[in-house]
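Report on the following structure.
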Amino acid sequence: MRFGVVTFPGSNCDYDAYAALRHVLCAPVEFLWHTDPDLKDVDCVILPGGFSFGDYLRAGAIARFSPVMNSVKRFAESGGLVWGICNGFQVLLEAGLLPGAMLRNSTMRFACQWTQIKVETTRTPFTRGCRPGQILRIPIAHAEGNYYADDETIDQLERSGQIVLRYVNASGIPDDASNPNGSRHNIAGIMNREGNVLGMMPHPERAVESILGSEDGLALFNSLLGATAAGMETPLKAKVASQRGAQV
């Protein structure tokens with residue numbers, strides 16, 4: 001499986017993601033420059049954390065217009081795997097690849113701390129190797145991680161199982177004390193209806209070695225590698241394959 005990590009001006013976690021994949025997981029990975037629309041035949045595109053374009057206007061608002069994002073949209077629409085982490089999640093929201101928006105943290109302060117997130121569903125390529133309800137210790141670092149969507153959208157996310165990760169306490173219960181940014185329903189990560197695009201605020205690439213304080217981020221990376229090795233299909237890939245078969 002080949003990974004591509006997009007670099008925008010202001011990205012600062014692109015090297016973290018690259019190092020996690022190349023040096024810890026020994027997976028093929030290369031950088032994708034934001035002005036180059038060529039995705040270089042990768043199997044998964046990662047939009048990393050940082051402050052793309054200085055977060056001017058609002059986080060992710062300018063990065064969504066980068067030439068590479070047109071390719072990322074087409075890639076996602078064809079069933080390709082796309083993973084947005086922190087600022088990458090914000091870019092996915094601005095680009096319309098995921099529903100909702102990001103607001104300033106409810107504390108109005110930058111949050112840099114360890115969090116506990118619960119795996120709400122394992123029916124995704126990103127979490128298939130996790131245990132249902134597994135709690136992961138993964139850090140956050142953001143000022144605009146307060147996920148917001150209207151009631152109808154939140155209800156839809158809940159009903160369709162699109163909420164993948166949720167901030168919880170040590171007992172696995174989502175409560176106000178465990179919510180670091182005021183995100184609705186303690187949402188830490190969501191996916192699209194088709195199951196091939198994931199956005200999350202915590203940084204799994206910063207939790208892949210014990211020296212960093214946690215190896216829990218490996219659960220997500222290994223899930224993705226295992227899903228590809230096992231040939232796991234997302235609903236969108238299955239639909240595309242079915243349509244191609246009908247045309248033969």
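Proximity of E144 to H142: side-chain heavy atoms (C-beta onward) are nowhere separated by under 4.5 Å. Residues I163 and I154 form no side-chain contact, since every pair of their non-hydrogen atoms from C-beta on lies 4.5 Å or further apart. The shortest side-chain heavy-atom distance between M200 and L220 falls under the 4.5 Å cut-off. Under the 4.5 Å side-chain criterion, counting only non-hydrogen atoms from C-beta, P202 is not in contact with L165. With contacts defined as side-chain heavy-atom distances shorter than 4.5 Å, the pair T122/S223 does not qualify. When side chains are defined from C-beta on, V29 does not count as touching V42, because their heavy atoms never get closer than 4.5 Å.
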Given M69 and L47, is the side chain to side chain contact (heavy atoms under 4.5 Å, CB included) satisfied, shown in steps?
CA-CA 10 Å; M69 287 306 298; L47 304 180; 4.2 Å; yes
Let's go through D150 and R184 carefully: what are the C-alpha distance in whole Å and the side-chain angles of both, what is the deciding distance for salt bridge (charged side-chain N to carboxylate O under 4.0 Å, His left out) to 0.1 Å, and is it a yes or a no?
CA-CA 9 Å; D150 59 33; R184 294 203 67 184; over 6 Å; no
Step-by-step side chain to side chain contact (heavy atoms under 4.5 Å, CB included) determination, Y147 to M102:
CA-CA 5 Å; Y147 179 77; M102 284 296 173; 4.1 Å; yes
If you apply the rule side chain to side chain contact (heavy atoms under 4.5 Å, CB included), what do you find for F51 with N87, and how did you get there?
CA-CA 7 Å; F51 305 91; N87 187 228; 5.9 Å; no
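Each of C13, P48, P204 was scored for a side-chain contact (heavy atoms from CB on, under 4.5 Å) with I85, with one residue passing: P204.
Applying the 6.0 Å contact sphere to CD of E152 captures no more than 12 heavy atoms from other residues, nucleotides or ligands. Atom CZ of R159 sits in a crowded spot, with more than 12 heavy atoms from other residues, nucleotides or ligands closer than 6.0 Å. Residue F110 places its CZ atom among more than 12 non-hydrogen atoms of other residues, nucleotides or ligands, all under 6.0 Å distant.
Taking both residues in full, the closest heavy atoms of W114 and A207 are given as CZ3-CB, 4.5 Å, listed atom of the first, atom of the second, then distance.
The closest side-chain donor-acceptor pair between N146 and S106, if any, does not fall under 3.5 angstrom. For the residue pair D16 and H203, no side-chain donor N or O sits within less than 3.5 Å of a side-chain acceptor on the partner.
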For residues 1-8, please give each side-chain donor-acceptor pair under 3.5 Å, one per line with the distance, not counting sequence neighbours.
residue: R2; atom: NH2; partner: E30; partner atom: OE2; Å: 2.5
residue: R2; atom: NH2; partner: K40; partner atom: O; Å: 3.0
residue: T7; atom: OG1; partner: D14; partner atom: OD2; Å: 2.8

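Listed by first and then second residue, the ring pair (Phe, Tyr, Trp, His ring centres under 6.0 Å) pairs involving residues 18-50 are Y15-F31, Y18-F31, H34-F53 (not counting sequence neighbours).
Evaluation of the ring pair (Phe, Tyr, Trp, His ring centres under 6.0 Å) rule for F221 yields W83 as partners, not counting sequence neighbours.
A distance of 10.5 Å separates CG of N192 from CD of E77, quoted to the nearest 0.5 Å.
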